[in-house]
Amino acid sequence: MAETPTSFAKASPSRWLIVTIPYLWLVLFFAAPFFIIFKISLSDTAIAMPPYEPVFEGFASLGDFLSKLDFENYQSLWGDSLYLSAYLSSLRIAAISTLLLLMIGYPMALAMARAPSTIRPTLMMMVILPFWTSFLIRVYAWIGILKPEGLLTAALHAVGLMAPDQQVEIYRTDYAVFIGIVYSYLPFMVLPLYSALEKLDGTLLEAASDLGCPPWKAFWKITFPLSLPGVIAGSMICFIPITGEFVIPDLLGGPETLMIGRTLWVEFFGNRDWPLASAVAVVLLLALVVPIVIFQNQQQKVR
Amino acid sequence: MKPGRFDSTVLTFCFAFLYLPIIILVVYSFNASKLVTVWGGFSLQWYRSLWSNESLMDAAWVTARVGVLSATIGTVLGTLAALTLVRFPRFPGRIPFTGMIYAPLVMPEVITGLSMLLLFVALDIDRGFWTVVIAHTTFTMCYVAIIVQSRLLTFDRSLEEAALDLGCPPVKTFFKITLPLILPAIVSGWMLAFTLSLDDLVIASFTTGPGATTLPIKIYSQVRLGVTPEINAVCTILIALVTTGVIIASISAKRAELRRIHDEHVALRGTS
């Protein structure tokens with residue numbers, strides 16, 4: 001049999017355009033910047049615009065260029081305990097938040113998957129809708145609630161759960177950061193969990209119950225292991241961006257809430273130390289390589 | 001407790017948690033009092049004062065233009081990327097390509113923003129409106145690619161094959177058959193790209209320049225000074241816009257689906 005045309009793209013020059021255009025765009029605007037960030041993290045700070053010493057000027061000065069590169073910025077990252085504790089604290093906050101998200105998101109996704117199929121699309125829509133609303137707005141909404149003179153205090157006073165002379169002291173603490181993160185990322189956790197749980201074959205649970213398996217045991221032996229891809233995808237989708245989160249710790253956290261995204265922002269916009277900010281970004285990226293690889297493998301498998 | 005009752009309790013609590021803060025924010029944008037906790041009666045004064053706030057209106061206009069442009073370019077690029085992912089199972093450099101599609105979805109925004117900025121500085125491009133458009137295009141195209149990809153995967157290839165067998169040129173087949181079939185996914189991809197661009201604070205802050213202040217940057221600088229009913233009013237307008245957009249889109253998607261099922265019925269009856 002001769003060649004059967006299987007796709008519009010076959011045997012056509014436009015085929016290569018389809019691949020090349022998005023490829024080149026991503027290489028130029030997504031991959032190339034990482035090399036630049038790495039290069040600048042090795043250069044020295046200068047009071048100029050851009051505020052760093054140029055490290056590369058043609059091949060003639062290649063030797064000079066190489067000799068100028070140094071790991072000074074990384075040494076100062078390592079030397080200053082502030083940065084190390086900011087990294088550790090970011091990872092800790094991200095890990096705790098991801099656990100909290102799983103603890104809240106899993107029952108919610110399970111309840112959605114067990115709901116009658118007629119109302120499931122509506123429930124889906126209700127989870128997705130807040131995800132379309134601005135991050136900034138959703139974090140802002142919590143400020144009005146958690147402030148000492150805010151609505152939570154007023155509500156607790158009204159029902160008499162709190163003495164009138166007391167105020168809620170959550171705003172500008174780590175607790176507010178956790179609330180903000182769980183609130184903002186909940187849809188990201190629920191959606192992958194739901195799509196894993198929805199595919200679950202109900203007859204497996206029926207078989208287990210017919211054979212005398214109690215429901216909680218059936219959950220741990222059947223439901224949970226089968227939903228594991230959703231658990232991994234949801235956890236990675238939350239954990240990775242939370243580690244570098246800026247808006248939530250900045251607006252809800254206190255001065256002692258250390259997160260690396262905020263440190264990077266301050267180095268860049270506050271101290272105008274671009275090379276140091278680049279070094280902070282490179283180390284953050286290295287810390288996230290493992291979770292990012294897990295996430296990508298998971299996505300490939302789902303496909 | 002019966003599982004049914006347990007489930008509805010969980011859902012009630014979770015949806016209350018998701019929606020109450022937003023509802024409170026919207027309600028207090030109509031508050032006559034400037035204080036956040038005191039209800040001073042219904043009033044539209046904050047919306048009126050918005051209208052006369054010129055810098056805010058400028059920022060809104062910049063944001064709208066950035067959103068439309070970046071969502072449109074991002075949708076074209078994202079659709080091409082989705083076609084690449086689905087229709088080209090093997091080509092040199094496929095693995096880094098899928099990596100570059102998935103990585104921006106989870107990459108912390110501070111890293112994306114900073115690296116973009118350094119690229120623009122290295123290329124000696126003046127920062128402003130266009131650099132924000134490029135930056136937004138780059139991360140929104142990946143979301144579009146994922147959405148369109150999932151549509152292409154569940155797509156009946158026999159229609160395309162029939163057109164090609166009947167001698168329809170490949171490019172025409174794409175525009176006559178493929179594109180209409182994946183159009184709903186492309187439209188929702190565009191809408192997601194637009195709202196992502198509308199929402200973004202961090203990447204825009206890094207890549208913007210003089211004269212290109214977007215609404216989130218403006219809101220953020222005001223929020224740092226404190227909660228005001230005026231910001232509540234801006235946020236309410238944004239929420240209303242996005243909510244109507246999403247609802248209209250989902251209703252029209254449902255209609256299109258019903259029409260498609262109907263058409264298939266008619267077609268089947270016609271051939272038998």
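Chain A is the first sequence line, chain B the second, and so forth, proteins listed ahead of strands; every chain is numbered from 1. Owing to the predicted nature of the structure, the values given are computational and were not obtained by experimental measurement.
- Interface remark: A:F268 contributes side-chain atoms only to the contact with chain B (heavy atom separation under 4.5 Å).
- For a residue to count as touching a neighbouring chain, one of its non-hydrogen atoms must lie under 4.5 Å from one of that chain's; by this rule B:V242 touches chain A with the side chain only.
- Applying the side-chain contact (heavy atoms from CB on, under 4.5 Å) test to A:I179 and every residue at least two apart in sequence or in another chain returns A:W142, A:L146, A:I170.
- Only the side chain of A:I292 comes within contact range of chain B, with heavy atoms under 4.5 Å apart.
- Side-chain contact between B:L118 and A:P33 is absent, with no heavy atoms from C-beta onward closer than 4.5 Å.
- Contacts between A:I104 and chain B at a heavy-atom distance below 4.5 Å involve backbone atoms as well as side-chain atoms.
- With a threshold of 4.5 angstrom between heavy atoms, B:S205 approaches chain A through its backbone and through its side chain.
- Residue A:F295 touches chain B through its side chain alone, counting heavy-atom pairs closer than 4.5 Å.
- Within the 4.5 angstrom heavy-atom criterion, only side-chain atoms of B:F91, from C-beta onward, approach chain A.
- Ring-centre distance between A:F30 and B:F139: not below the 6.0 Å cut-off.
- A:V27 touches chain B through backbone and side chain together, each having a heavy atom under 4.5 Å away.
- With a 4.5 angstrom heavy-atom cutoff, A:I260 does not touch chain B via any of its atoms.
- Heavy atoms closer than 4.5 Å to chain B are found in both the backbone and the side chain of A:L285.
- Contacts between B:I247 and chain A at a heavy-atom distance below 4.5 Å involve backbone atoms as well as side-chain atoms.
- Heavy-atom pairs under 4.5 Å with chain B were tallied for A:T153, A:L264, A:I128, A:I143; the largest tally goes to A:L264.
- Residues A:F34 and B:M107 are in side-chain contact: their nearest non-hydrogen atoms beyond the backbone lie under 4.5 Å apart.
- Both the backbone and the side chain of A:I137 have a heavy atom closer than 4.5 Å to some heavy atom of chain B.
- Residue with the most contacts toward chain B among A:R138, A:M112, A:M125: A:M125 (heavy-atom pairs, distance under 4.5 Å).
- If you measure heavy-atom distances from A:V127 to chain B, the contacts under 4.5 Å come from both the backbone and the side chain.
- Note on ring orientation: taking the six-membered ring where Trp is involved, the planes of B:F97 and A:Y23 are parallel (angle under 30°, cut-offs 30° and 60°).
- Heavy-atom distances place the side chain of A:F269, and not its backbone, under 4.5 Å from chain B.
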For residues 240-249 of chain A, which side-chain donor-acceptor pairs fall under 3.5 Å, sequence neighbours excluded?
unit_1: A:T243; atom_1: OG1; unit_2: A:F239; atom_2: O; d: 2.7
unit_1: A:E245; atom_1: OE1; unit_2: A:Y185; atom_2: OH; d: 2.6
unit_1: A:E245; atom_1: OE2; unit_2: A:V247; atom_2: N; d: 3.2

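- For B:L198, no part sits under 4.5 Å from any heavy atom of chain A, backbone or side chain.
- When heavy atoms are compared at a cutoff of 4.5 Å, A:S278 approaches chain B by way of both its backbone and its side chain.
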